[in-house]
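I have placed the structure first, in the form of structure tokens, so that the comments after it can refer back to it.
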Amino acid sequence: MSAEKGPNGPAAADGDDLTPDSPQRRMHYAGYQGEPADKADQDSMSSIFKRTKHPVDTSGRPKDDSDPRAGGPDVTAGHGGSEVLGTPPNPTDSSQTPETSVMRSATATAQGAGGGGGVTPRAPHTAEYDRRAARRAERLIAFWFTISIVGTVGFIITNFVGDKHAQYYTPAMGSALGLAVGGLGVGMILWAKRLMPHEQAVQERHEFTSPQEEIAVTEEEVALGFADTGLARYPLLRRSLLAAGTILGGLVVVPLLNLTNSKPGKKLDHTHWVKGARLVNLQGRYVKLGDIAIGGIETVLPAIPVKEADGSLSYEPKLDLHSKADSTTILIRLEPGVNKPRQGRENWAVDGHVAYSKICTHAGCPVSLYEQQTHHLLCPCHQSVFDVPDGCRAIFGPASRSLPQLAIAVDDEGYFIARDGDYTEPVGAAFWERS
């Protein structure tokens, strides 16, 4: 004999009676749960309302109308009265006998298999027996995967080609990312729903409580373990441990309290540079005009002018860690005629000497590699490149803002000083980034 699968279950084999009310037809019904049942039982398996009107027990047989769990007498189609649904048993009522619906495959039922969990195939979806429906589902799923590809490509192109300061940039990146992830997700959901076989697995639940013997043994082991610690015999140890654990909880509270601290405000907009501060190198020596050769570079910090009691002026070098964190500056001497000062900065340089912040505008790394031939400053962390003659403009890498420039001059003794004081724009990483 051979059997073929159709939309409503297996086709009739040779000699089988698959009339609508035949036992063989009922055994192949998608909601079949046990012994052969009549047409009313088949209806009770199809929807919640029909199950209410035609309740069945775990074996598939109709329940007696006198059973309170039966939901009341049968209501035939087309009756004149209102439809009344039965009241299910209270799940917390221990007097009710628990029932377990066990789904079994048609093959196991035909062979007389008993209870137990298992997997029951549902009615096949259209794509399993209709080639055109399968092709439509395949094309629809491929369409959503293509949408995902377009979104991913758009995300990459927008990231590398788009203008990060334009208004369209962030919405375009978000839309492309949504298409990339959403298209893939929708395609996979449609794949599972329309092309993969549908099955319903049922497994009987075990008891949630452990046997009383195991509970007693566990309680005894816990009691013995507590006795071994000695907490019951040593009250001082117990109290000090409790106090230490309570105080330790303060470690969680302290970070939360730090959130209430005052905000830095404009403090991060300023460095230690002041007007008239001399430029001092890391060895604490003041930098004088002529100390740096053409193409040379020097890392400098401020030396704050201090007026002494006798009226004389002295300088206090700021070489501490806090000063280095925001005031570190690079002094570079360019060849004559190479520097191209920006408008309004024509007198910010002295004899080819220019000073720029050493803190990269991308992530705050120290910009310290200088190429004399190309006049480029290189950040070693993420390879951002700045063009020194062109106002230290960012020309490559993730940095998108020029290095802030410090206006310098030379005092009467020939030492470099900060002409106007602090930088005119914030120094540091992309936290300050602005167009």
For [Y], is there any backbone N or O sitting under 3.5 Å from a side-chain donor or acceptor partner on [X]?
{"X": "Thr126", "Y": "Ala133", "answer": "no"}
{"X": "Ser357", "Y": "Val427", "answer": "no"}
{"X": "Thr146", "Y": "Ala142", "answer": "yes"}
{"X": "Asp387", "Y": "Arg393", "answer": "no"}
{"X": "Ser314", "Y": "Val306", "answer": "yes"}
{"X": "Ser175", "Y": "Ala172", "answer": "no"}
{"X": "Trp273", "Y": "Ser327", "answer": "yes"}

Nearest 0.5 Å, what's the [atom1]-[atom2] distance between [X] and [Y]?
{"X": "Lys275", "Y": "Asp422", "atom1": "NZ", "atom2": "CG", "value": "13.5 Å"}
{"X": "Leu237", "Y": "Arg239", "atom1": "CG", "atom2": "CZ", "value": "11.0 Å"}
{"X": "Ile156", "Y": "Met173", "atom1": "CD1", "atom2": "CE", "value": "10.0 Å"}
{"X": "His353", "Y": "Asn339", "atom1": "NE2", "atom2": "CG", "value": "12.0 Å"}
{"X": "Arg333", "Y": "Asp351", "atom1": "CZ", "atom2": "CG", "value": "5.0 Å"}
{"X": "Thr246", "Y": "Leu241", "atom1": "OG1", "atom2": "CG", "value": "9.0 Å"}

Looking at [X] and [Y], what are the two nearest heavy atoms and their distance?
{"X": "Asp163", "Y": "Tyr168", "answer": "N-OH, 2.9 Å"}
{"X": "Leu331", "Y": "Ile292", "answer": "CD2-CD1, 3.5 Å"}
{"X": "Pro305", "Y": "Val274", "answer": "CD-CG2, 3.9 Å"}
{"X": "Ile141", "Y": "Trp191", "answer": "CD1-CA, 3.3 Å"}
{"X": "Tyr169", "Y": "Thr158", "answer": "CE1-O, 3.3 Å"}
{"X": "Gly391", "Y": "Arg342", "answer": "O-NH2, 3.5 Å"}

Contact check, side chains of [X] and [Y], non-hydrogen atoms, under 4.5 Å:
{"X": "Leu279", "Y": "Tyr415", "result": "no"}
{"X": "Asp411", "Y": "Arg278", "result": "yes"}
{"X": "Phe386", "Y": "Thr361", "result": "yes"}
{"X": "Asp291", "Y": "Glu298", "result": "no"}
{"X": "Ile330", "Y": "Ile297", "result": "yes"}
{"X": "Thr328", "Y": "Leu301", "result": "yes"}
{"X": "Tyr423", "Y": "Thr329", "result": "yes"}
{"X": "Lys318", "Y": "Asp320", "result": "yes"}

Exercise for the section: Applying side-chain contact (heavy atoms from CB on, under 4.5 Å), name anything that partners Glu221, two or more places apart in sequence or on another chain. Expected result: Val217
Problem - Results of side-chain contact (heavy atoms from CB on, under 4.5 Å) for Leu184 - residues two or more places apart only - result: Phe145, Ser148, Met188
Exercise for the section: With side chain to side chain contact (heavy atoms under 4.5 Å, CB included) as the test, would you mind laying out the steps for Thr299 and Ser368 before giving the verdict? Expected result: CA-CA 9 Å; Thr299 299; Ser368 55; over 6 Å; no
Practice task
Please assess Arg419 against Asn347 for the test side chain to side chain contact (heavy atoms under 4.5 Å, CB included), listing each intermediate value before the final yes or no.
Solution key: CA-CA 10 Å; Arg419 195 194 70 174; Asn347 56 352; 2.8 Å; yes
May I ask you to check whether over 12 heavy atoms, not counting those of [X], lie within 6.0 Å of atom [atom1]?
{"X": "Glu220", "atom1": "CD", "answer": "no"}
{"X": "Asp310", "atom1": "CG", "answer": "yes"}
{"X": "Glu308", "atom1": "CD", "answer": "yes"}

Exercise for the section: Go through the steps for Leu179 and Val150 under the test side chain to side chain contact (heavy atoms under 4.5 Å, CB included), then give the verdict. Expected result: CA-CA 8 Å; Leu179 291 177; Val150 172; 5.6 Å; no
Practice task
Determine the interplanar angle of the Tyr370 and His375 rings, folded into 0 to 90°, and report it as parallel if under 30°, tilted if 30 to 60°, perpendicular if over 60°.
Solution key: tilted
Exercise for the section: Please assess Val410 against Phe416 for the test side chain to side chain contact (heavy atoms under 4.5 Å, CB included), listing each intermediate value before the final yes or no. Expected result: CA-CA 5 Å; Val410 176; Phe416 286 103; 3.9 Å; yes
